[in-house]
Amino acid sequence: MTSRIPPNGGSSLGAAPGHPIATTEYDFEITVLDIFSLMTSATIPRQADSVSTADALIQYGYLGNVPYSPSIATSLRTLEHFRLLRLRKPSFSVEAFAKVMCDSYGIPYRRRYRTILADIFDIYLTILRHISKQVDAALGRDAPNWHVLNACPPCTYELQDEPHLQFRRMYVMDGGNSAKHITTLGDWQVGDMRDFNDSDYLLLRDYVDSFANDVWHRAKDVVIASEPNAETTSESPEEDDDRLAVTSTNVMAEDCSKNWKAAAGDEKKRMWAIFEETGIFVAVCRHGFILCGELAKYPLAIISKVLEVLGECTLGAYDIGCGFTSTIENSSLGENFWKMESCMCVDAFHGYAHNYVCQTKNHPLGITGAGLEDFETIKRIFSASNQLATVTRYSSSYCRHALLELFFKQWDEEKYLNLGTMILNNYKQALGIINSDGLVLQEAMNSLKIHPGELETWRAEEVEYFRTLGSEPEWDVHAMAYVELLQQLQEYDAQSSNTSTRFISSAPSDYVFMAPSQGQQQTYAAELSQTRKLETHRRYAAEKLDAIQREVVAMEVELGITCRWTSSSHEYQETMKYMATCKYHRALDNLQRLVVQRLFELQKLNISQTAIQNAVKKYNDAASEIDPPRPPLEWSRVLHYNFLDEFNLLQETRQDIREKPWAKPAICETMCQYLCIKRAKEEIVRCNVEARRLHTAILDEEAMFSHILKSLEDDGELIYWIVKDHCTHRRLVNTQLLGHISQLHLMEGFTGIHTSYHLQLHTSLFELEPASFALSEVNLQVD
């Protein structure tokens with residue numbers, strides 16, 4: 001089937017579709033692919049002033065497989081149809097579409113068709129990217145970081161005289177490894193050597209790699225051997241849990257780190273070497289717009305870009321936000337992070353798998369200004385982007401990045417279309433919580449005789465308790481250090497005496513000095529190996545004794561101790577008594593920490609029975625060493641405790657919380673309801689602000705479109721038609737958004753602005769009429 005009539009997708013620069021084209025000597029015939037017309041070849045008219053074969057093909061709606069002397073061409077309608085399919089179904093591969101084409105033409109599939117279609121589609125996407133850049137330039141949207149700063153109007157379109165928000169921007173970040181990329185195997189050579197650096201989303205690799213060694217310090221376990229060849233072993237990772245009860249920061253970071261692979265040490269999360277790129281790490285705003293992403297492994301690069309572009313007062317969420325805060329503090333970003341009043345938290349769903357100490361500080365329910373945001377948006381992104389894995393894992397790096405860029409753009413367009421629905425639904429949810437839970441809360445407060453303001457006080461007490469949980473009171477640290485040195489001195493003195501005695505005893509009883517003579521074997525020489533071992537141990541013990549003696553003398557000089565303490569000294573006995581009690585309380589506090597967390601947590605996911613068993617064992621050991629000894633605690637009893645009032649052992653801890661109001665189940669539940677209502681009220685305030693921002697941004701954008709289109713048309717710019725098409729589509733979307741905003745304004749319980757108001761934006765003054773209009777009343781001209 002041959003045709004000289006260009007398809008409907010032909011350019012307006014050529015003859016009108018449906019009219020025969022005059023024959024010239026420059027015309028040529030070429031094999032074509034068109035899923036709509038199913039033509040196999042077409043005669044392409046070419047004028048004498050035509051620049052190239054590719055130019056003639058484009059004018060009549062085709063794109064060749066190579067720039068010069070193409071052997072086959074695909075219609076632009078077919079390529080656009082495939083692009084739209086890929087946008088809606090990312091897993092739909094070029095090979096699958098090539099097979100559909102073959103089935104449509106009724107011919108057997110050959111891999112050659114897949115290669116041809118892939119090459120042409122790659123060229124088509126490149127052309128669209130260049131056109132998109134020209135459109136952005138015409139609309140004034142080509143500035144650096146324009147996308148991050150303007151893509152989400154509810155987040156970025158700040159207005160004058162709007163209510164204060166605790167956090168200017170809220171975002172969530174996480175990594176997904178389904179987008180892994182296979183490295184080159186064996187002797188295979190990479191054919192596509194291009195780098196995809198022209199992205200609105202992906203951070204450059206050099207920028208990301210600059211944070212590879214940015215963390216100055218990471219805590220590691222250190223084993224100190226007191227003897228040569230000494231070894232230290234532990235039965236389980238939980239055996240040393242009591243070491244974590246030093247500061248609340250360590251408690252949160254270390255305990256939560258055990259539950260998350262992302263927080264583990266680098267040696268525990270190595271990826272197989274066959275993967276060149278191990279996934280993507282993405283940051284998105286609360287409305288789902290992609291802020292930035294990186295194709296390596298350093299979330300610090302995301303934080304750096306957030307601080308650089310988004311500015312101050314930001315709240316970020318991460319599965320291990322508690323531990324990652326310490327990472328930021330120990331990096332070059334730490335000082336700037338706190339100066340800009342930025343914060344990190346954990347997402348709502350995974351937050352309940354963190355220990356209760358972490359939840360009181362980092363769960364969104366307890367963070368003022370977080371509203372009802374659950375910070376789970378990024379899970380939905382990865383659920384959708386997982387479809388890309390089947391078509392990008394073995395592709396070239398350039399094609400993979402190009403397809404990710406295409407996916408991110410489509411995702412943002414869908415999120416923009418759903419902005420009105422999201423704000424409307426969030427408003428309904430917040431009103432529902434306030435209206436329904438508010439009555440339940442009031443009834444609970446009346447029955448429990450709770451006065452207004454007490455819930456806030458009790459919440460502050462609970463947070464402070466868990467902040468200091470596990471910390472030791474201050475004591476004379478120098479006295480404890482001095483006594484410990486005296487104990488070591490006594491131990492090393494006994495070791496030195498023992499090794500010296502053994503070495504001296506190794507000499508023969510009939511020892512007589514004899515000069516060495518040729519052929520004569522001495523008894524000493526016969527036992528030379530054993531004698532040298534004894535001599536080494538004697539010398540090592542003497543060196544340790546000498547070192548500890550110097551430390552003791554230096555401590556005595558520093559403290560002004562003129563008479564060395566002995567076991568009969570009053571100071572020595574008092575310090576020893578405290579050290580024994582301190583060891584007992586440390587074991588008891590650690591046991592308290594684990595049990596209280598276990599009782600407070602709704603889901604007992606992160607406190608293993610082994611950890612509590614080890615804590616009970618350490619408690620029993622410490623309880624037997626104090627005077628008078630405490631009775632041992634049975635593990636079976638601890639396991640069956642249901643709440644704090646059954647845990648009688650807590651009366652011996654430094655902070656007995658059994659009588660605290662916030663520790664009682666009924667009040668604890670009431671406090672949760674109070675926090676939820678408080679967050680719902682914050683959500684109402686934020687939705688009012690976001691709806692006003694979106695409404696204003698739409699009206700300002702309409703005025704900008706009208707101005708730019710008129711200017712382009714008057715100047716006769718060819719880009720006018722493309723910009724007009726872009727503006728037409730955007731206007732249709734904005735019309736739908738205004739309909740949702742109208743529904744919000746008419747909703748019962750809406751507390752936002754209804755009356756007209758003035759906004760000065762840029763250099764224009766816009767007077768906005770009341771926004772309570774129906775969808776049919778939207779006065780936007782759609783060409």
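When a residue number appears, it is its place in the shown sequence, counting from 1.
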Engineer: Give me the atom names and distance for the closest heavy-atom approach of Arg692 to Asp161.
Structural biologist: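 Heavy-atom minimum between the residues: NH1-O, 3.9 Å.
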Engineer: Under a 3.5 Å threshold, yes or no: a donor from one side chain and an acceptor from the other, between Glu669 and Gln673?
Structural biologist: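 Side-chain D/A pair, Glu669 to Gln673: absent.
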Engineer: Once rounded to the nearest 0.5 Å, what's the spacing between atom CD1 of Ile667 and atom CD of Glu454?
Structural biologist: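 Between Ile667 CD1 and Glu454 CD, I get 8.5 Å after rounding to 0.5 Å.
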Engineer: Which of these passes salt bridge (Lys or Arg N to Asp or Glu O under 4.0 Å) with Asp374: Lys379, Arg380, Arg679?
Structural biologist: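 Among Lys379, Arg380, Arg679, the one that satisfies the salt bridge (Lys or Arg N to Asp or Glu O under 4.0 Å) with Asp374 is Arg380.
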Engineer: Would you say Arg169's side chain and Cys285's backbone share a donor-acceptor pair under 3.5 angstrom?
Structural biologist: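 Not at all, since once roles are kept as given, no pair shorter than 3.5 Å links the two residues.
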Engineer: Taking the side chain as everything from C-beta on, heavy atoms only, tell me whether Gln387 gets closer than 4.5 Å to Phe407.
Structural biologist: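 A side-chain contact under 4.5 Å is absent here.
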Engineer: Quick check against the 3.5 Å criterion: does Thr156 have a side-chain atom that pairs as donor or acceptor with the backbone of Leu149?
Structural biologist: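 The answer is yes, because a donor-acceptor pair under 3.5 Å joins these two groups.
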Engineer: Got a donor-acceptor contact below 3.5 angstrom from the Trp458 side chain to the Cys668 backbone?
Structural biologist: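 Here the side-chain-to-backbone pair does not exist.
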Engineer: Given side chain to side chain contact (heavy atoms under 4.5 Å, CB included), test Leu300 with Phe324 step by step and report yes or no.
Structural biologist: CA-CA 9 Å; Leu300 282 177; Phe324 187 62; 4.0 Å; yes
Engineer: Please work out whether the ring planes of Phe750 and His745 are parallel, tilted or perpendicular, with thresholds of 30° and 60°.
Structural biologist: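 Correct class here is tilted.
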Engineer: Without swapping roles, check the side chain of His147 against the backbone of Leu291 for a donor-acceptor pair under 3.5 Å.
Structural biologist: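 Side chain of His147 to backbone of Leu291: no pair is present.
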Engineer: Roughly how far apart are Leu365 CG and Leu372 CG, rounded to 0.5 Å?
Structural biologist: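 The CG atom of Leu372 is 9.0 Å from CG of Leu365, to the nearest 0.5 Å.
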Engineer: Can you name the side-chain contact (heavy atoms from CB on, under 4.5 Å) partners of Ile434, sequence neighbours left out?
Structural biologist: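 Listed in chain order: Ala680, Lys681, Ile684.
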Engineer: Is there a donor-acceptor contact under 3.5 Å from the side chain of Thr670 to the main chain of Ala666?
Structural biologist: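 Yes, the answer is positive, given that a donor and an acceptor are paired below the 3.5 Å cut-off.
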Engineer: Hey, does the side chain of Ser304 reach the backbone of Ala301 with a donor-acceptor pair shorter than 3.5 angstrom?
Structural biologist: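 Absent.
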Engineer: Looking only at heavy atoms, which two atoms of Leu694 and Gly420 are closest? And how far apart?
Structural biologist: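 Nearest pair, atom of Leu694 first, then Gly420: CD2-N, 4.4 Å.
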Engineer: Supply the atom-to-atom distance Asn426 CG to Ile423 CD1, rounded to the nearest 0.5 angstrom.
Structural biologist: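 These two atoms lie 8.0 Å from each other.
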Engineer: Do Arg686 and Glu373 meet the salt-bridge criterion of a basic N to acidic O distance under 4.0 Å?
Structural biologist: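 Salt bridge: no.
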Engineer: Can a donor-acceptor pair be found, under 3.5 Å and without considering hydrogens, that links the side chain of Glu341 to the backbone of Cys313?
Structural biologist: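 Checked: no pair found.
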Engineer: Can you tell me how far the SG atom of Cys687 sits from the CG atom of Leu424, to the nearest 0.5 Å?
Structural biologist: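 Cys687 SG to Leu424 CG: 9.5 Å, rounded to 0.5 Å.
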Engineer: What verdict does the side chain to side chain contact (heavy atoms under 4.5 Å, CB included) test give for Arg286 and Thr377, after you've listed the backbone C-alpha separation in whole Å, the side-chain angles of each residue and the deciding distance to 0.1 Å?
Structural biologist: CA-CA 7 Å; Arg286 93 183 200 109; Thr377 306; 5.7 Å; no
Engineer: Determine the minimum heavy-atom distance between Gly288 and Asp412, stating which atoms define it.
Structural biologist: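 Scanning both residues, the minimum pair turns out to be O-OD1, 4.1 Å.
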Engineer: Give a yes or no on whether the ring-centroid distance for Phe281 and Tyr318 is below 6.0 angstrom.
Structural biologist: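 Yes, the ring of Phe281 comes within the 6.0 Å limit of the ring of Tyr318, centre to centre.
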Engineer: Show the nearest heavy-atom pair for residues Ile328 and Ser331, with the distance to one decimal.
Structural biologist: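 For Ile328 and Ser331, the tightest heavy-atom pair comes out as O-OG, 2.8 Å.
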Engineer: For the CG atom of Leu738 and the CG atom of Leu744, what is their distance to the nearest 0.5 Å?
Structural biologist: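 Output value for this atom pair is 12.0 Å.
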Engineer: Quick one: CD1 on Ile698 to CG on Leu737, what's the gap to the nearest 0.5 Å?
Structural biologist: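 Here the rounded value is 4.5 Å.
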Engineer: Looking only at atom types and distance, does a side-chain atom of Asn688 sit under 3.5 Å from a main-chain N or O of Ile753, one as donor and one as acceptor?
Structural biologist: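 No: the side chain of Asn688 does not pair with the backbone of Ile753.
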Engineer: Has the side chain of Arg168 got a donor or acceptor atom that lies under 3.5 Å from a matching backbone atom of Glu312?
Structural biologist: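 Checked: pair present.
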Engineer: Start with the C-alpha distance between Thr314 and Met340, add both sets of side-chain angles, then the distance that settles side chain to side chain contact (heavy atoms under 4.5 Å, CB included), and finish with yes or no.
Structural biologist: CA-CA 8 Å; Thr314 60; Met340 301 183 73; over 6 Å; no
Engineer: Could you check whether any side-chain heavy atom of Phe408 comes within less than 4.5 Å of a side-chain heavy atom of Val284, counting everything from C-beta outward?
Structural biologist: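 Of all side-chain heavy-atom pairs linking Val284 with Phe408, none is under 4.5 Å.
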Engineer: So, for Pro364 and Phe375, which heavy atoms are closest and what is the spacing to 0.1 Å?
Structural biologist: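 Shortest heavy-atom separation between Pro364 and Phe375 comes out as CG-CD1, 3.8 Å.
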Engineer: Under the side chain to side chain donor-acceptor pair (under 3.5 Å) rule, collect the residues that match up with Glu456, sequence neighbours excluded.
Structural biologist: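 Tyr674, Lys678.
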Engineer: Testing Asp319, Asn362, Ile320 one by one against Val346 for a side chain to side chain contact (heavy atoms under 4.5 Å, CB included), which residue passes?
Structural biologist: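 That would be Asn362; it is the only one of Asp319, Asn362, Ile320 passing the side chain to side chain contact (heavy atoms under 4.5 Å, CB included) with Val346.
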Engineer: For Asn446 and Gln442, does a side-chain donor sit closer than 3.5 Å to a side-chain acceptor?
Structural biologist: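 Yes, side-chain donor-acceptor contact under 3.5 Å.
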Engineer: Side chains of Cys343 and Phe167: closer than 4.5 Å at any heavy-atom pair?
Structural biologist: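 Yes, side chains in contact.
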Engineer: Testing His287, His695, Met422 one by one against Glu690 for a side chain to side chain contact (heavy atoms under 4.5 Å, CB included), which residue passes?
Structural biologist: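 Single side chain to side chain contact (heavy atoms under 4.5 Å, CB included) partner of Glu690 among His287, His695, Met422: His287.
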Engineer: Do Glu162 and Arg693 pass the side chain to side chain contact (heavy atoms under 4.5 Å, CB included) test, and can you show the C-alpha distance, the side-chain angles, and the key distance before you say yes or no?
Structural biologist: CA-CA 9 Å; Glu162 62 183 16; Arg693 288 178 178 178; 2.5 Å; yes
Engineer: Where is the tightest heavy-atom contact between Asn435 and Leu439, given as atom of each residue plus distance?
Structural biologist: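 Closest approach of Asn435 to Leu439, heavy atoms only: O-CG, 3.6 Å.
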